[in-house]
Amino acid sequence: MPVPVPIVPPPPAIPPNVIDSVSSMKRQRQQQHRRLQSESKGPSGNVDGHLNNHRRKPSQQANGHANGVLSVPNGHDDKKEKGKRVIDWEIPRKALHSSIGFGVLYLYSQQPESVNPVIYALAGSLCVIVPCDVLRLNYPPFERLYEKAVGFLMRESEKKTTNGVIWYMLGVIYTLALLPRDIAVSSILILSWCDTTASTFGRLYGPYT
């Protein structure tokens, strides 16, 4: 007995408005694609020209010629510029720092009976420097006047903190007051000359160690 074949109904017809919408969308995509291709063409007709212009760095675009040729910087010059280091030798500061050692040697050669006059002179100077430093850190007009007068002796790191001269003088006063004269003089000479030498050689050869 033959098996009956089921009858499949035909698919429903696609409405004309749907077909028109799909065709319209396809035409819009094609037009958009052609428009992007025409916009992406560079001056020489290359499609990637426009995209490459956008990929260039602003500095490259500014240095480029009118015909689109870029001026490429010389790599050797860049290496030379990187190799150069600007060293701040702090000559006025180091001159003052080292002169203290010569002053100590002169006083020591005079063989005074007591070092108390030196201690008193340093303590009196400290009584002037400390209030000035407090005013400098808390009163901007005085800070500008102070740095205009002695700013060339200061490091940038000291302009927003306590002046290093204060600690220097405190160390000298402590050494003269508590240690024997020979040891005190030797200590001040080391502070005056060796610290300056270490700073000089550190700035010169430090980056290579």
Side-chain angles (χ1 to χ4, degrees), residues 57-59 73-209:
K57 296 180 180 179
S59 59
N74 191 348
H76 298 289
D77 294 340
D78 291 344
K79 291 180 181 179
K80 290 181 181 179
E81 290 297 328
K82 291 180 181 179
K84 292 180 180 178
R85 295 184 298 108
V86 179
I87 301 177
D88 183 9
W89 295 107
E90 298 179 341
I91 294 177
R93 180 188 179 94
K94 285 181 170 54
L96 177 62
H97 206 290
S98 301
S99 65
I100 296 175
F102 293 102
V104 170
L105 277 182
Y106 172 76
L107 293 176
Y108 182 74
S109 66
Q110 300 300 313
Q111 292 295 322
E113 296 181 0
S114 174
V115 295
N116 288 335
V118 178
I119 295 176
Y120 297 152
L122 291 175
S125 300
L126 202 60
C127 291
V128 176
I129 294 174
V130 171
C132 288
D133 210 47
V134 173
L135 283 175
R136 176 181 67 86
L137 294 174
N138 295 278
Y139 191 56
F142 185 80
E143 177 187 9
R144 290 191 292 269
L145 181 63
Y146 187 94
E147 292 183 1
K148 186 179 295 186
V150 295
F152 64 97
L153 296 173
M154 300 174 63
R155 289 176 177 166
E156 288 296 327
S157 58
E158 292 177 344
K159 291 184 178 180
K160 298 300 179 183
T161 185
T162 306
N163 197 332
V165 175
I166 295 175
W167 308 114
Y168 191 105
M169 295 182 68
L170 283 174
V172 172
I173 292 173
Y174 174 85
T175 303
L176 290 174
L178 300 180
L179 298 179
R181 183 179 301 183
D182 294 343
I183 298 177
V185 170
S186 300
S187 301
I188 296 173
L189 291 179
I190 291 173
L191 175 64
S192 176
W193 292 343
C194 295
D195 183 64
T196 303
T197 305
S199 175
T200 301
F201 278 88
R203 292 171 186 271
L204 188 61
Y205 298 111
Y208 303 105
T209 59

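It should be emphasised that the depicted structure is a prediction, and the values quoted were computed from it without experimental measurement.
Here CG of L189 is found 9.5 Å from CZ of F102. Values are rounded to the nearest 0.5 Å. Considering OG1 of T162 and CG of L137, their distance stands at 6.0 Å, rounded to 0.5 Å. The structure places CZ of R155 at 13.0 Å from OG1 of T161, a figure rounded to the nearest 0.5 Å.
With T197 contributing its side chain and W193 its backbone, the two residues share a donor-acceptor pair below 3.5 Å. Remark: side-chain polar atoms of N163 are not paired, donor with acceptor, to backbone N or O of D133 under 3.5 angstrom.
Counting heavy atoms of neighbouring residues, nucleotides and ligands inside a 6.0 Å radius, atom OH of Y120 does not exceed 12 of them. Other residues, nucleotides and ligands contribute at most 12 non-hydrogen atoms within 6.0 Å of the OH atom of Y139. Residue-environment remark: CD (E113) stays at or below the threshold of 12 foreign heavy atoms within 6.0 Å.
Annotation: salt bridge (Lys or Arg N to Asp or Glu O under 4.0 Å) contacts of K160 (sequence neighbours excluded): E143.
The minimum heavy-atom distance linking A184 with T175 is given by the pair CA-CG2, 3.4 Å. Taking both residues in full, the closest heavy atoms of L126 and P131 are given as O-CD, 4.2 Å, listed atom of the first, atom of the second, then distance. Considering every non-hydrogen atom in both S192 and G101, the closest pair reads OG-N, 3.0 Å. Here the closest non-hydrogen pair linking S125 and M169 is CB-CE, 3.5 Å. When all heavy atoms of C132 and Y146 are compared, the closest pair comes out as CB-CE1, 4.1 Å. Residues K159 and R136 come closest through the heavy atom pair O-NH1, 3.1 Å.
Residues L176 and I188 meet the side-chain proximity criterion, which asks for heavy atoms closer than 4.5 Å. At least one side-chain heavy atom of L191 sits under 4.5 Å from a side-chain heavy atom of V172.
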- Task: Would you check, one step at a time, whether the test side chain to side chain contact (heavy atoms under 4.5 Å, CB included) holds for E90 with R203?
- Result: CA-CA 10 Å; E90 298 179 341; R203 292 171 186 271; 3.1 Å; yes
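Side-chain contact of S199 with K94: a donor-acceptor pair under 3.5 Å is present, judged by distance alone. For the 3.5 Å distance criterion, the side chains of D195 and Y168 fail to qualify, holding no donor opposite an acceptor. For the residue pair Y108 / D182, a side-chain donor-acceptor distance below 3.5 Å is found, with atom types taken as modelled.
Shown are T196, L153, I91; of these, the side chain to side chain contact (heavy atoms under 4.5 Å, CB included) with L96 is made only by L153.
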